[in-house]
Trainee: 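Mind looking over this structure? Questions follow.
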Amino acid sequence: MVADVLSRMRGAGAAVTPVGYLDDNPALAGQSLLGLPVLGATVHLDTFAHDALIVAIGDNATRQHLFETLQSRGEHFVVARHPSAVVAPDVRIGLGSMICAGVVVNPGSIVGANVILNTGCTIDHHNHIDNHVHIAPGVHLGGDVSIGEGTLVGIGATVMPRRRIGDWSVVGAGALVRTDLPDGVVAVGVPARIVRNLVAEG
Ligand SMILES: CC(C)(COP(=O)(O)OP(=O)(O)OC[C@H]1O[C@@H](n2cnc3c(N)ncnc32)[C@H](O)[C@@H]1OP(=O)(O)O)[C@@H](O)C(=O)NCCC(=O)NCCS
């Protein structure tokens, strides 16, 4: 998906030239996808000319780990923003983030680094989306919502205006979040109820 977004950005006139993928699965080396080659494993990164990267991994903790490891090695990141996304001009988006097709981000919102705003989600005004978050396809966040670091808001969920969701939590697919949620919980249903405490589980 990241390669598709970058290619479409290039097609729309952005100064972006995707060169290929790195993947630690040796079986993928030499294969190609969307016309771009799998260049090798992440340890081979230094052998390929590049200006910037995007970590294209869905799992938030894994994506955070790789992002921070690469950042500490001095790597640079860009934002992959699909040309069909509608993002208000004052919205700040952190590096390494991916904004997919059909996303809407309204004025006053802040989107952190290494975030995924997946297909067709809507982020209303004055949201604060922290680093390493994944907002899944078709999610709707009301105005003035805050999503803590590393949290996954599952496909099709709705978060009512002014609600706060803590760090490293999971909102189940299709949930309706009516009350604030703390750090490290799994909440599902309509209305959403906490069913697991990930902090207690370690
Ligand atoms: C909430 C979630 C994380 C739970 O996953 P899990 O811990 O593996 O839980 P299980 O699938 O074993 O289900 C446990 C229970 O919760 C229920 N449940 C799971 N997901 C649910 C959901 N989204 N809404 C309501 N109930 C749900 C199950 O029916 C099951 O109930 P039971 O114990 O009465 O049988 C997962 O189901 C989910 O919704 N993930 C979001 C995925 C997503 O949107 N990813 C983004 C893709 S781009």
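Indexing begins at 1, ligand by ligand and atom by atom, following the structure's order.
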Trainee: Is atom 39 (O) of ligand 1 touching the protein, meaning some protein heavy atom lies under 4.0 Å away?
Mentor: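 Yes, there is one.
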
Trainee: Any donor-acceptor pair under 3.5 Å linking the side chain of N127 with the backbone of H125?
Mentor: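 It does hold such a pair.
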
Trainee: Is there a protein heavy atom at a distance of less than 4.0 Å from atom 46 (C) of ligand 1?
Mentor: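 Flag for atom 46 (C) of ligand 1 set to true, protein heavy atom closer than 4.0 Å.
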
Trainee: Right, does atom 1 (C) of ligand 1 have protein non-hydrogen atoms nearer than 4.0 Å?
Mentor: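 Within 4.0 Å of atom 1 (C) of ligand 1, protein heavy atoms are found.
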
Trainee: Starting from atom 4 (C) of ligand 1, find the nearest protein heavy-atom neighbour and note its residue, name and distance.
Mentor: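 Minimum-distance protein heavy atom for atom 4 (C) of ligand 1 reads V186 CG1, 4.7 Å.
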
Trainee: Flag atom 25 (C) of ligand 1 as yes if some protein heavy-atom distance to it falls below 4.0 Å, otherwise no.
Mentor: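 Answer yes: something from the protein, a heavy atom, is under 4.0 Å.
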
Trainee: In the protein, which heavy atom is nearest to atom 6 (P) of ligand 1, and how far is it?
Mentor: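 That would be R196 NH1, 4.2 Å.
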
Trainee: Output the list of atoms in ligand 1 that are nearer than 4.0 Å to some heavy atom of G172, sorted by atom number.
Mentor: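 Listed by number with element: 1 (C), 23 (N), 39 (O).
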
Trainee: Taking only heavy atoms of A136, which atoms of ligand 1 are found under 4.0 Å from at least one of them?
Mentor: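 By the 4.0 Å cutoff, the relevant atoms are 46 (C).
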
Trainee: Considering all heavy atoms of both residues, which atom of L22 and which atom of A41 are nearest to each other, and what is their separation?
Mentor: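 The pair with the smallest heavy-atom distance is CD2-O, 3.7 Å.
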
Trainee: Taking R178's backbone N and O only, do any of them form a donor-acceptor pair with R163's side chain (distance below 3.5 Å, no angle check)?
Mentor: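 Here the side-chain-to-backbone pair exists.
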
Trainee: Under 3.5 Å, is there a donor-acceptor pair between the side chain of Y21 and the main chain of L33?
Mentor: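 Flag set: sc Y21 to bb L33 pair under 3.5 Å.
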
Trainee: Counting distance only, does the side-chain N/O of R63 pair as donor-acceptor with the main-chain N or O of N114 below 3.5 Å?
Mentor: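 Pair found, side chain donor or acceptor close to backbone of N114.
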
Trainee: Just go through V188, L152, V153 and tell me whose heavy atom is the nearest to atom 27 (C) of ligand 1.
Mentor: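 The nearest heavy atom belongs to V188.
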
Trainee: Donor-acceptor check, side chain of S146 to backbone of R164, threshold 3.5 angstrom: yes or no?
Mentor: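 Checked: no pair found.
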
Trainee: Is it the case that ligand 1 has an N or O less than 3.5 angstrom from some N or O of H134?
Mentor: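 No.
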
Trainee: How far is atom 23 (N) of ligand 1 from the closest protein heavy atom, and which atom is that?
Mentor: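 In this structure, atom 23 (N) of ligand 1 has A173 O, 2.9 Å as its nearest protein heavy atom.
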
Trainee: At a 4.0 Å threshold, what atoms of ligand 1 neighbour a non-hydrogen atom of V170?
Mentor: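 Atoms satisfying the 4.0 Å criterion: 3 (C).
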
Trainee: Angle class for the H132/F67 ring planes (parallel below 30°, perpendicular above 60°, tilted otherwise)?
Mentor: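 The rings of H132 and F67 stand perpendicular, inter-plane angle above 60°.
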
Trainee: I'd like to know whether ligand 1 has P137 as a neighbour, heavy-atom separation below 4.0 Å.
Mentor: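 In this structure, P137 qualifies as a contact of ligand 1 - some heavy atom is under 4.0 Å.
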
Trainee: Could you tell me whether atom 13 (O) of ligand 1 has at least one protein heavy atom nearer than 4.0 Å?
Mentor: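 No, there is no protein heavy atom closer to it than 4.0 Å.
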
Trainee: Does atom 36 (C) of ligand 1 have a protein heavy-atom neighbour under 4.0 Å away?
Mentor: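 False for atom 36 (C) of ligand 1.
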
Trainee: Take atom CZ of R73 as the centre, draw a 6.0 Å sphere, and report whether it contains more than 12 heavy atoms from other residues, nucleotides or ligands.
Mentor: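 Enclosed: over 12 neighbouring heavy atoms sit under 6.0 Å from CZ of R73.
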
Trainee: Once you restrict to heavy atoms under 4.0 Å, what part of A175 touches ligand 1? Side chain, backbone, both or neither.
Mentor: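 Neither part.
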
Trainee: Protein non-hydrogen atoms only, distance under 4.0 Å: does atom 9 (O) of ligand 1 have such a neighbour?
Mentor: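 So atom 9 (O) of ligand 1 lacks protein heavy-atom neighbours under 4.0 Å.
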
Trainee: Counting heavy atoms only, which part of I155 comes closer than 4.0 Å to ligand 1: side chain, backbone, both or neither?
Mentor: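 Near ligand 1, I155 shows its backbone as well as its side chain.
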
Trainee: Quick one: do the D51 and H76 side chains pair a donor with an acceptor below 3.5 Å?
Mentor: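 No, no side-chain donor-acceptor pair sits under 3.5 Å.
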
Trainee: Is the backbone N or O of T42 less than 3.5 Å from a side-chain atom of D24, with the two atoms forming a donor-acceptor pair by type?
Mentor: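 Looks like yes, one N/O pair under 3.5 Å.
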
Trainee: D124 and N106: side-chain donor and acceptor closer than 3.5 Å?
Mentor: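 Yes, because at least one side-chain N or O of D124 sits under 3.5 Å from a partner of the opposite role on N106.
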
